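If you're wondering where the values come from, they're calculated on a predicted model, not measured in any experiment.
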Amino acid sequence: MVRPGDDDEVDRKPVIKPGVHLTLKVQDTAGRTLERTVRRTEKLQALMDAYYASVPAVTYGTGRFLYDGGRLAGWQTPAELEMEDGDEIDFFTELLGGGGRAPASAAAADEQPVPA
């Protein structure tokens with residue numbers, strides 16, 4: 001028999017306290033979003049890990065998280081960055097590689113004449 005006040009009946013939902021917690025939104029270039037409530041003193045790495053876990057199409061560690069134009073590091077906290085409830089973090093997939101084509105003169109020098 002369960003009596004009122006027993007630990008079994010305790011509502012185990014997390015208590016979200018204004019000023020202590022805030023909800024942050026991560027949005028990527030494909031339009032995918034993740035909203036998560038975090039403590040102001042919680043490292044942002046937990047939010048970053050949650051984003052990668054929720055988007056299987058994105059390989060872990062292959063992108064950059066930006067807030068107000070600056071790159072975020074996992075060791076930073078919302079309090080350090082003076083984030084507010086509802087702030088948005090942008091995620092961009094890293095683009096690797098050179099760029100463009102070689103100049104026409106370099107391309108012509110690389111061509112070998114075809115023997116007849």
Side-chain angles (χ1 to χ4, degrees):
M1 177 175 171
V2 177
R3 292 184 213 128
D6 283 352
D7 286 350
D8 293 337
E9 288 189 24
V10 173
D11 186 9
R12 299 201 183 262
K13 292 181 185 175
V15 177
I16 298 174
K17 299 176 185 175
V20 175
H21 295 93
L22 67 152
T23 300
L24 299 175
K25 179 179 171 182
V26 178
Q27 181 155 0
D28 63 19
T29 54
R32 296 175 290 227
T33 60
L34 167 75
E35 284 191 19
R36 185 167 173 124
T37 300
V38 298
R39 289 179 178 262
R40 290 187 182 280
T41 56
E42 183 179 342
K43 292 181 181 178
L44 291 173
Q45 188 64 52
L47 179 68
M48 295 172 179
D49 291 343
Y51 170 79
Y52 283 120
S54 71
V55 183
V58 178
T59 305
Y60 188 88
T62 59
R64 298 289 174 242
F65 294 87
L66 301 176
Y67 174 71
D68 278 347
R71 185 172 167 186
L72 296 178
W75 53 266
Q76 292 176 300
T77 66
E80 291 172 21
L81 300 168
E82 298 179 0
M83 291 180 162
E84 297 177 5
D85 191 46
D87 278 353
E88 189 171 307
I89 296 170
D90 298 312
F91 176 83
F92 294 94
T93 304
E94 271 188 319
L95 299 175
L96 302 175
R101 308 171 122 197
S105 60
D110 288 339
E111 291 181 16
Q112 300 287 329
V114 178

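In this structure, CG in Asp90 is found 14.5 Å from CZ in Arg71, a value given to the nearest 0.5 Å. For the atom pair CG (Leu24) and CD (Glu88), the distance works out to 10.5 Å, reported to the nearest 0.5 Å. Atom CG of Leu34 is separated from atom CE of Met48 by 12.0 Å, given to the nearest 0.5 angstrom. Considering CZ of Phe91 and CD of Gln27, their distance stands at 12.5 Å, rounded to 0.5 Å.
Tyr52 and Thr62 get closest at one heavy-atom pair: OH-N, 3.5 Å. Taking every heavy atom of both residues into account, Arg40 and Pro78 meet most closely at O-CD, 3.3 Å. Annotation for Gln76 and Glu80: closest pair CA-OE1, 3.6 Å, computed over non-hydrogen atoms. Of all non-hydrogen atoms in Ile89 and Tyr67, the two that sit nearest each other are CG1-CD1, 4.4 Å. Between Leu72 and Met83, the shortest heavy-atom contact is CD1-CE, 4.4 Å. Between Arg36 and Leu47 the shortest heavy-atom distance is CB-CD1, 3.6 Å.
Under a hydrophobic clustering in which Ile, Leu, Val, Met, Phe, Trp and Tyr are joined whenever their side-chain heavy atoms come within less than 4.5 Å, directly or via other members, Val55 and Tyr60 fall into the same cluster.
Put simply, the side chain of Asp85 gets close to the backbone of Thr23: a donor and an acceptor are under 3.5 Å apart. Under a 3.5 Å cut-off, the side chain of Asp87 and the backbone N or O of Glu84 do form a donor-acceptor pair. Looking at Arg32, its side chain never comes within 3.5 Å of a backbone N or O of Tyr51 through a donor-acceptor pair.
Within a 6.0 Å sphere centred on CD of Glu94, heavy atoms belonging to other residues, nucleotides or ligands number more than 12.
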